[in-house]
Participant: 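Quick one: this structure, given as structure tokens, is what I'll be asking you about.
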4 protein chains.
Amino acid sequence: MAAPSSDGVASAGPERIRDADRTRAEILDTAAREFAEKGFDGARVDEIAAKTRTTKRMIYYYFTSKDQLFVEVLERAYTVIRSLEQHLDVDHLDPAEAIRQLARLTFDHHESHPDFVRLVSIENIHRAEHIARSKALSNLANPALDVLTRILARGREAGQFREDVDALDVHMAISAFCVFRTANRYTFNAIFDRDMLDPALRDHHRRMVADMLVSYLTTR
Amino acid sequence: MAAPSSDGVASAGPERIRDADRTRAEILDTAAREFAEKGFDGARVDEIAAKTRTTKRMIYYYFTSKDQLFVEVLERAYTVIRSLEQHLDVDHLDPAEAIRQLARLTFDHHESHPDFVRLVSIENIHRAEHIARSKALSNLANPALDVLTRILARGREAGQFREDVDALDVHMAISAFCVFRTANRYTFNAIFDRDMLDPALRDHHRRMVADMLVSYLTTR
Amino acid sequence: MAAPSSDGVASAGPERIRDADRTRAEILDTAAREFAEKGFDGARVDEIAAKTRTTKRMIYYYFTSKDQLFVEVLERAYTVIRSLEQHLDVDHLDPAEAIRQLARLTFDHHESHPDFVRLVSIENIHRAEHIARSKALSNLANPALDVLTRILARGREAGQFREDVDALDVHMAISAFCVFRTANRYTFNAIFDRDMLDPALRDHHRRMVADMLVSYLTTR
Amino acid sequence: MAAPSSDGVASAGPERIRDADRTRAEILDTAAREFAEKGFDGARVDEIAAKTRTTKRMIYYYFTSKDQLFVEVLERAYTVIRSLEQHLDVDHLDPAEAIRQLARLTFDHHESHPDFVRLVSIENIHRAEHIARSKALSNLANPALDVLTRILARGREAGQFREDVDALDVHMAISAFCVFRTANRYTFNAIFDRDMLDPALRDHHRRMVADMLVSYLTTR
DNA sequence: TATGAATGAGCTTTCATTCAT
DNA sequence: AATGAATGAAAGCTCATTCAT
């Protein structure tokens, strides 16, 4: 469709390739949902196949193994947030406001991608063995860190920010807060009867991370 | 031994019960380790039995099902931190210092009980279905919350603390930070090459949670 | 049957054990036939189970793996000929006649146990990896060798036999001939159109091995 | 190259055919090794393809099926020994010496072509079904038999050889001995700890077959 | 109370082969 | 003549659980 060809025969080649990509993508989507839903060991290749327009055999044809499928699911999941971070443009902002923006970006992403958060939880239960096996993931640097490093430097230079924290600490503090709301939603709700999905609470927490980080960084 | 009886036969009763308790405890210990290590679906009843001095059959005899075994493993795991929180005595302290102490207690507990943190992660992947099934867990209130509520009240009365945060928010913020260090240790290390087990980093983060919460609460 | 018990309850224990043994034996019989028929890789655990009054699951319960099942099939197959050899009593015979008798014993056994010969062929294709894994087989000495050693010693002392051959050489020569008739029956028949099963040929060959070995040993 | 043509297009014909032959030959070589190594059912078409400079698809293109591939592998394997036998010239020798020479030829061939011996073993496990399917193999007479028939006739005429043996019996006796050393090498070694590859033993056995047959034939 | 034996259902993965140009 | 993509059918094996006393 995007690239119509002048003859029916020649177009068959590219079309099939496109189909293969679409099939791969469909499998990846479904697998992401299943893995996020049931965990790596709880997910069933049979079930993933059933929820796809392909067969189990095709999953193995394209992905070789359940493990490799999970690796590629993770790769795709990380792609989204990496891309968001990449497009973050906060160098023109006041350092405190830049921190807030970054916190909100992380918050919003995690809030709207609970499956990503769950997949990361699952991968941690498996001691990040799939990430270790993925060149794409283990080599890929995190753009948010560069952004953060620059913000912190500017904040310190302006005498606004404390000096005993590095970018990774801040990234962790933000991630921890945002991840927890999704990852630990169920035990928190079961024990404290607090519904993390409540929109008001959501907005409150969204402000809270930002505030918490800024107040921490600006305290000396 | 503690309660010698005059005849050999009768003593078998209490003795056996004691043995049963010991067997149950051994199974629970081993199961906790296996579940924490491999996740709920990754853990094998066979493997748990093999690492015990009992048999698989005994696990079913005492715990009915793998799910119920996990329920009881969780119950035991939560007992430890509940007990710590119960014995926390900070009512005589300055509210800020009380917050710091609570943060440190959580930090230290999670740091020294990585299996607890992993079990909670796993239970969240399973949407807290086991907690829901456990009367002990779903009914048990959290003593830390009462403590926190009192600290916040005192802090607000003294005009030291902000008013737009409740005890559960603070508890969550502390937990999130402390849980993350353990729960997301592996992906964090794989992606950022940061070793959460480094003692210096550990001390730094221990101060960081406390500082972060206090600076947040004292900012108005 | 052999040991009737006076009460129904007590007999249940031994009965069940007897059943387990019977089931094991049935599986072993069927497996031997299937492996001999199709080879190790050609045989199907499913098929073996189907030809049994048990299930595939039981095969794994009793034998752990297809490999281990083959190991035990081999162990049983070797038991028969070992037992025959053990009961061979030729020390009172003239050395030449003793050789003839041993040759005939091997010939008759192989002739009446084509499955044994095939199993050995199959095991050789697999480089005797199953025998290597079997304590029973790799440790078991061959009684025929002791017998042969004594026959050869007596033959040499009497000046009847040549001196440049050891028991293993003779055993090999006899085995080679007897094994070939069964093991290579099919290619021989396909290429030369000779039916190894023909009774006259069988008798002729039975005499032939004995004659061949004796004439060889008595030639100096 | 060998036959340059005046235009590029036309030359593609012969060139391609030559390539096809080379590809076929490469596949046959690799397949022979794989089948001999793993057996018919143990060998993997995928693996054969991987060890070739072609693809699995080409194997099917040229050989139609795994079975047919094995048929052609067998055909090629038999070609070698047939050719050796064809060139055997013993009509001018003393019958006994002629027998020795034939025995040595078989011995040497089998000794230096263990894969041939294994392939024959494997084909026998499959009841020679592939040979039956091959016109080349099922029709091809064995030149060794003609040679042997002539030798035996001369031996009998000279009063040297016994009369109750035909060429096929002798051929079988020789083959059995020579085949066994290779085909049953592994079980023999596992059980008796005898290394058939030992050069001294090899020489000893080489003399042994020849001696055994001659002594047998010359005994009346 | 305690337990050895048994098992149905289902798991991931593999295999030779065919489809479709 | 040549080939990349796709696949149905089954394979070996494992799992939590129950049977039967």
Side-chain angles (χ1 to χ4, degrees), chain A residues 8-13 15-17 19-20 23-24 41-49 54-69, chain B residues 12-13 16-17 19-20 23 40-49 54-69, chain C residues 8-10 12-13 15-17 19-20 23 41-49 54-69, chain D residues 12-13 16-17 19-20 23 40-49 54-69:
Chain A
V9 178
S11 73
E15 284 270 38
R16 303 267 358 242
I17 287 169
D19 271 1
T23 300
R24 275 186 67 95
D41 292 304
R44 300 291 168 232
V45 178
D46 260 315
E47 191 69 14
I48 294 171
T54 7
T55 62
K56 184 167 50 166
R57 186 62 189 76
M58 281 296 96
I59 293 179
Y60 282 91
Y61 180 62
Y62 285 126
F63 300 96
T64 315
S65 70
K66 189 185 180 183
D67 275 287
Q68 184 56 25
L69 176 60
Chain B
R16 299 298 305 270
I17 287 168
D19 274 358
T23 299
F40 179 77
D41 292 303
R44 301 287 167 240
V45 178
D46 260 315
E47 190 72 10
I48 294 170
T54 5
T55 63
K56 181 167 53 166
R57 192 62 192 75
M58 283 299 96
I59 294 179
Y60 280 88
Y61 182 62
Y62 286 125
F63 300 95
T64 316
S65 71
K66 188 184 181 186
D67 276 287
Q68 184 55 25
L69 176 60
Chain C
V9 177
E15 284 272 36
R16 303 269 355 246
I17 288 169
D19 271 359
T23 300
D41 292 303
R44 300 292 170 229
V45 178
D46 261 314
E47 190 70 11
I48 294 171
T54 8
T55 63
K56 182 168 52 165
R57 186 63 189 74
M58 281 297 95
I59 294 179
Y60 282 92
Y61 179 61
Y62 285 125
F63 300 97
T64 316
S65 70
K66 190 184 179 183
D67 275 287
Q68 184 55 26
L69 177 58
Chain D
R16 299 298 303 274
I17 288 168
D19 273 0
T23 299
F40 179 77
D41 292 303
R44 300 289 166 240
V45 178
D46 260 313
E47 190 73 9
I48 293 170
T54 5
T55 63
K56 180 167 53 167
R57 193 60 190 75
M58 283 299 95
I59 293 178
Y60 280 88
Y61 183 61
Y62 285 125
F63 299 95
T64 317
S65 71
K66 189 185 181 184
D67 277 287
Q68 184 55 27
L69 176 59

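To find a chain, count down the sequence lines: A is the first, B the second, and so on, and within it residues start at 1. All figures in this text were calculated on a predicted structure; none of them were measured in a lab.
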Participant: Measure the distance from OH on B:Y61 to C1' on F:dA20 and round it to the nearest whole Å.
Facilitator: 15 Å

Participant: Expressed as a whole number of angstroms, how long is the span from B:Q68:CD to F:dT17:C1'?
Facilitator: 15 Å

Participant: Find the partner of E:dG4: check Watson-Crick (N1-N3 plus N6-O4 or O6-N4) and G-U wobble (N1-O2, O6-N3) distances, both under 3.5 Å, and reply none if neither fits.
Facilitator: F:dC19

Participant: Can you find a pair of side-chain heavy atoms, one from D:F63 and one from D:M58, that are under 4.5 Å apart?
Facilitator: no

Participant: Is the phosphate of F:dG12 approached by C:R44 (side-chain N or O, under 4.0 Å from OP1 or OP2)?
Facilitator: yes

Participant: By the 4.0 Å heavy-atom rule, please label C:F63 as base, sugar-phosphate, or nothing.
Facilitator: nothing

Participant: Suppose we define a pair by two distances each less than 3.5 Å, Watson-Crick or G-U wobble; what does E:dT12 pair with here?
Facilitator: F:dA11

Participant: Closer than 4.0 Å, any side-chain N/O of C:R57 to the OP1 or OP2 of E:dG8?
Facilitator: no

Participant: Is the backbone N or O of C:T54 less than 3.5 Å from a side-chain atom of C:R57, with the two atoms forming a donor-acceptor pair by type?
Facilitator: no

Participant: How many Å lie between CG on C:D46 and C1' on E:dC15, as a whole number?
Facilitator: 15 Å

Participant: Keeping the roles fixed (side chain from C:K66, backbone from C:Y60), state whether a donor-acceptor pair exists under 3.5 Å.
Facilitator: no

Participant: Taking the nucleotide of DNA chain E with the nearest heavy atom to each, does D:K56 or C:T54 sit closer to the 5' end?
Facilitator: C:T54

Participant: Over all strands shown, is D:A43 touching base, sugar-phosphate only, or nothing at heavy-atom distances under 4.0 angstrom?
Facilitator: sugar-phosphate

Participant: Check the distance between F:dA9's P and A:Y60's OH and give it to me in whole angstrom.
Facilitator: 19 Å

Participant: Rounded to whole Å, please give me the gap between CG in D:L69 and P in E:dA16.
Facilitator: 11 Å

Participant: Please give, in whole Å, the distance from E:dT12 C1' to A:E47 CD?
Facilitator: 15 Å

Participant: Could you state the CG-P distance from B:D41 to F:dT14, rounded to the nearest angstrom?
Facilitator: 18 Å

Participant: Kindly point out which of F:dT3, E:dA16, F:dA6 is positioned nearest to the side chain of D:M58?
Facilitator: F:dT3

Participant: Can a side chain N or O of A:Y62 be found less than 4.0 Å away from OP1 or OP2 on F:dA6?
Facilitator: yes

Participant: Between D:L69 and D:I48, is any pair of side-chain heavy atoms under 4.5 Å apart?
Facilitator: yes

